[in-house]
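A short write-up of the structure that comes next.
This one's a predicted model, so the numbers in the text were calculated from it and none came from an experiment.
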Amino acid sequence: MPGYFSFQKYITSSFVKAIYFLGFLALTAGGIGLAGWAAMRLYEAGIPRELGWYYVASGLGILFIGNLVWRVFCEIWVVLFNIHARLVSLDQKAGAEPVSADVPTDVSRDVKSEEMRHHSELDLLGRPGGVLGLS
């Protein structure tokens with residue numbers, strides 16, 4: 001439990017797999033349901049022929065294309081989390097080295113102020129230093 005609250009153990013990969021399975025079931029049931037409903041209404045002549053075939057094609061499209069797109073979307077998320085897991089394992093094998101942040105020091109502030117002063121000086125034509133342009 002301590003690894004869960006400190007985000008040392010990630011549950012997202014298994015969560016994405018569970019969500020994929022639920023989405024797969026929903027898309028499959030929806031596609032078959034829409035195609036079956038439209039086919040029954042076509043058989044009974046309860047809806048116009050063109051609209052019925054449109055619904056049948058939509059249901060089959062959801063069944064095949066929808067599930068394919070859903071699978072690719074979920075795989076992208078799983079791959080991203082696996083990349084993170086691999087990077088963490090590489091980091092642990094190499095030994096965690098502290099990353100130095102770019103903290104401004106007095107020397108870097110002096111250099112930066114000198115650069116700012118250089119660029120703010122005016123040239124002979126009254127333009128800021130370093131600016132090229134036609135007058």
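Here L22 contributes atom CG and L27 contributes atom CG; the two are 11.0 Å apart, rounded to the nearest 0.5 Å.
Taking all atoms of both residues into account, the shortest heavy-atom contact from G52 to A38 is O-CB, 3.6 Å.
Cluster annotation: F24 is connected to V16 through the hydrophobic network of ILVMFWY side chains, with a link wherever side-chain heavy atoms come within less than 4.5 Å.
Residues satisfying the salt bridge (Lys or Arg N to Asp or Glu O under 4.0 Å) criterion with E44, sequence neighbours excluded, are R41. Qualifying ring pair (Phe, Tyr, Trp, His ring centres under 6.0 Å) partners for W53, counting only residues two or more places apart in sequence or in other chains: none.
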Pair up each side-chain donor or acceptor in residues 55-84 with any protein partner under 3.5 Å, not counting sequence neighbours, and list the distances.
residue	atom	partner	partner atom	Å
S58	OG	Y54	O	2.9
N67	ND2	T28	OG1	3.1
N67	ND2	L63	O	2.8
W70	NE1	Y20	O	3.1
R71	NE	E75	OE2	2.5
R71	NH2	E75	OE2	3.2
N82	ND2	V78	O	3.4

